[in-house]
Amino acid sequence: MASLLQKLKGRPQGNKIASSLQDNFEGSGFHLLLFVVFVLHILTINEASNLNVFNFINGLSPSVPAWLQASVTDMGNGVTLGAVILCYLVSRPELCCRVVVAAVLSLVMVPLLKQYFDAPRPAVILDYLNIIGEVRHEHSFPSGHAATAFLLAGIIFLSTSKHWLKGLVVVAAAFVAGSRIMVGAHWPEDVVMGAFVGLLCAYGAVKFVPLIVLSSSVRVKLYLVLFATIVISEFKNGDDFPQYWQVQVIRWSFILLSGLLILRFWLRSFPPNLLKNQVN
């Protein structure tokens, strides 16, 4: 018994982290979440149910401020959510590889599914609906915004033992997904399948990608690369809702926050006096 305790004490810290997160993963209730999303997918396959749910949620649009709908739906945008993810990774660096792999899987799967099904958007089928933002006509299935939102929710869900945080990220992702219906961009079946794809990508990354403890120098370089990618993408792709300044304020707030967090980590890991001594 004493020898066993000695061996446990001698394990590397990285193994302790991996073991702890694996325990959280096994008892997280994630399989139940996947099952619920799958049941919702079965229900929305029915054309009548799909249309009824769309009409109900989209019909709520006039009662909600347009800028608020645009701001919520923008949280599923790759740039905005990318900045949120980067903020999270500064505090949870061991998840970097898993997030990157999950994101790559989503970037491959979602466009392929969109191209394969080439489903028409609600604006093509319906004569009357509420639309906020750009009117789109094709590649409706699945929703990329819902996939991105539930990808992050799935990663956090599988990486924490805090039940309130699990519930919070799922509810937040559900609001983002639901907003895609409210702004008239997607059908319910689109957002449900997007959620399912995002969760599957998160599951695959957590299940098969090991935790990697990165050195401070590697972390800084990785954070800077991700930050630069986010900023370049923002300037390249532009604003999805130029008529609502609140969307840009929220998006740039997260971008600037991620930059400040990176700067704080950099200064704490490499204080100016330490860098000066190394140069001398």
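Heavy-atom basis, side chains included; hydrogens, waters and symmetry copies ignored. None of these values were measured; they are calculated from a predicted model.
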From CA spacing to verdict: side chain to side chain contact (heavy atoms under 4.5 Å, CB included), Asp74, Tyr244: CA-CA 11 Å; Asp74 190 66; Tyr244 305 116; over 6 Å; no
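- Ionic pairing of Glu234 and Arg251 is present here: one or more N-O contacts between side-chain nitrogen and carboxylate oxygen are shorter than 4.0 angstrom.
- In this structure, the separation between OG on Ser179 and CD1 on Ile132 is 9.5 Å, given to the nearest 0.5 Å.
- Side-chain atoms of Val247 and Trp67, non-hydrogen and from C-beta on, never get closer than 4.5 Å to each other.
- A donor-acceptor pair shorter than 3.5 Å cannot be found between the side chains of Asn50 and Thr44.
- Between Phe235 and Trp252, the distance separating the two ring centers is shorter than 6.0 angstrom.
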Stepwise side-chain hydrogen bond (donor to acceptor under 3.5 Å, both in side chains) check, His145 with Asn77: CA-CA 6 Å; His145 283 64; Asn77 181 279; 4.7 Å; no
Gln69 vs Ser61, side chain to side chain contact (heavy atoms under 4.5 Å, CB included): CA-CA, chis, key distance, verdict: CA-CA 8 Å; Gln69 297 180 55; Ser61 182; 3.0 Å; yes
Verdict with reasoning, Arg121 to Phe141, per side chain to side chain contact (heavy atoms under 4.5 Å, CB included): CA-CA 8 Å; Arg121 302 260 183 170; Phe141 182 87; over 6 Å; no
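- In the displayed structure, Phe175 atom CZ is contacted under 6.0 Å by at most 12 heavy atoms of other residues, nucleotides or ligands.
- Between the side chain of Lys166 and the main chain of Ser161, no donor-acceptor pair closer than 3.5 Å is present.
- With Asp190 contributing its side chain and Ser143 its backbone, the two residues share no donor-acceptor pair below 3.5 Å.
- By the 30° and 60° cut-offs, the orientation of the rings of Phe30 relative to Tyr203 is parallel.
- Counting heavy atoms from C-beta outward, Trp187 and Ile181 have side chains that stay 4.5 Å or more apart.
- Residues Leu224 and Tyr88 share a single hydrophobic cluster, defined by chaining ILVMFWY side chains whose heavy atoms lie under 4.5 Å apart.
- Look at Glu138 and Arg136 and you find no salt bridge, because none of the NZ, NE, NH1 or NH2 atoms lies under 4.0 Å from a carboxylate O.
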Derivation and outcome, side chain to side chain contact (heavy atoms under 4.5 Å, CB included), residues Thr160 and Val169: CA-CA 11 Å; Thr160 182; Val169 295; over 6 Å; no
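- Put simply, Val100 and Ile232 are part of two different groups of oily side chains (I, L, V, M, F, W, Y) that touch within less than 4.5 Å, one to the next.
- Under the 4.5 Å side-chain contact rule for hydrophobic residues, Val206 and Val108 do not share a cluster.
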